Amino acid sequence: MTRIGIISDIHAHLEGLNLALAFLEEQAVDEIWCAGDLVDRGEDGNDVVQRIRYAQIPTVQGNHDYTARRTQEQFKHDMTMMEFLEEYPDVSDHTKHMLFSFELSEINLTYLDYLPPSLKFERGDLVIEMTHASTFDRVTYIYPTSRRDILNQTIDSSIADLVILGHTHRPMKIYRDGVLRVINSGSVYMNYGMPTQSCGILTLPEREFTVYDLETKKAAPVPIVQLESKQS
Ligand SMILES: [Mn+2]
C-alpha cells in the first residue's frame with residue numbers, strides 16, 4: 001500500500017504549506033505531490049517556492065506559476081504602479097506586500113518556468129496524471145457542478161486511470177462507473193467553501209482519496225460526482 005499526500009494552490013502562503021506538510025508528515029505518507037499554483041496572492045512566494053524546491057516535491061505548473069515571470073516584468077515597467085507608490089509611500093504594509101508579492105528571485109522564477117504542465121506517475125498497474133486546471137487545456141475550471149460532458153472530457157483527454165487536479169480551490173471526487181477517476185484536494189490556504197484549508201491523501205492501489213481539513217485535522221466530506229459511461 002502506498003499513501004500519497006496531495007497539496008495544491010499554495011499561492012504564496014507559507015503558513016498553509018507548513019500546516020499541510022506537518023500534517024502529512026504526522027500521517028507518515030510515502031510521497032507528497034503538488035498540483036500547482038505556488039505563487040501570487042500571498043506574501044511568501046520565495047519561501048514557498050524554496051520549500052517545495054528543497055523538499056523536491058513533484059509539482060506541476062499552475063497558471064500563476066506560468067505567468068509569474070511575465071507578471072514580475074510587467075510590474076517593473078508599470079510606471080503607474082511605481083508612481084502610485086511614490087505618491088502614497090504610507091500605503092499599508094498589507095497592500096505593499098500584495099503588490100510586491102511577485103518579487104521572486106531569479107532561481108525561483110527559473111524553477112517556476114521549468115515546471116511541467118503535467119506529470120504522469122506509474123504506481124503498480126495504475127497510471128496517474130497530475131495537472132493544474134484540466135486535462136484538455138490550461139485554464140478550464142473543473143467543478144463537481146461542471147457539465148457532464150466536460151467531466152467526461154476531463155477523463156477521456158487523459159490516458160491515465162486517475163487524474164489529479166487543482167485550480168478551483170474546491171475539493172472533489174469524480175467516479176465513473178463506480179471507479180474513482182478525478183480528484184481535487186482543494187487549496188492548502190483558502191478554499192471557496194468548507195473546509196477552508198485542505199489537503200488530501202490518496203491510497204493506492206485501493207484508489208481511496210480522503211480530504212483533510214487542516215484546521216481540525218479531520219477527514220472532511222467533499223462533493224462526489226457519479227458518472228456513467230455513455231450508452232453506445
Ligand atoms: Mn490556478
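Remember, it's a predicted structure, so these values are computed and weren't measured experimentally. We count ligands from 1, going down the list as the structure has it; atoms in each ligand are counted the same way.
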Test item: side-chain donor near acceptor, S229 and D177, under 3.5 Å: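 Indeed, the side chains of S229 and D177 share at least one donor-acceptor pair under 3.5 Å.
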Vertex the Mn ion (ligand 1), rays to OD1 in N63 and NE2 in H132 - rounded to 10°: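 Once rounded, the angle between the two atoms at the Mn ion (ligand 1) is 90°.
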Atom name, H167 (N, O or S, nearest to the Mn ion (ligand 1)):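 The closest N, O or S atom of H167 to the Mn ion (ligand 1) is ND1.
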Y189 and H169 aromatic ring geometry - parallel, tilted or perpendicular at 30°/60° bounds: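 H169 and Y189: perpendicular rings.
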2.8 Å cut-off met by an N, O or S atom of D37 to the Mn ion (ligand 1):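 Yes, D37 qualifies, because one of its backbone or side-chain N, O or S atoms lies under 2.8 Å.
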Side-chain donor/acceptor of T110 to backbone N/O of E106, under 3.5 Å: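 Here the side-chain-to-backbone pair exists.
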CD1/I150: more than 12 non-hydrogen atoms of other groups inside 6.0 Å: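 Yes.
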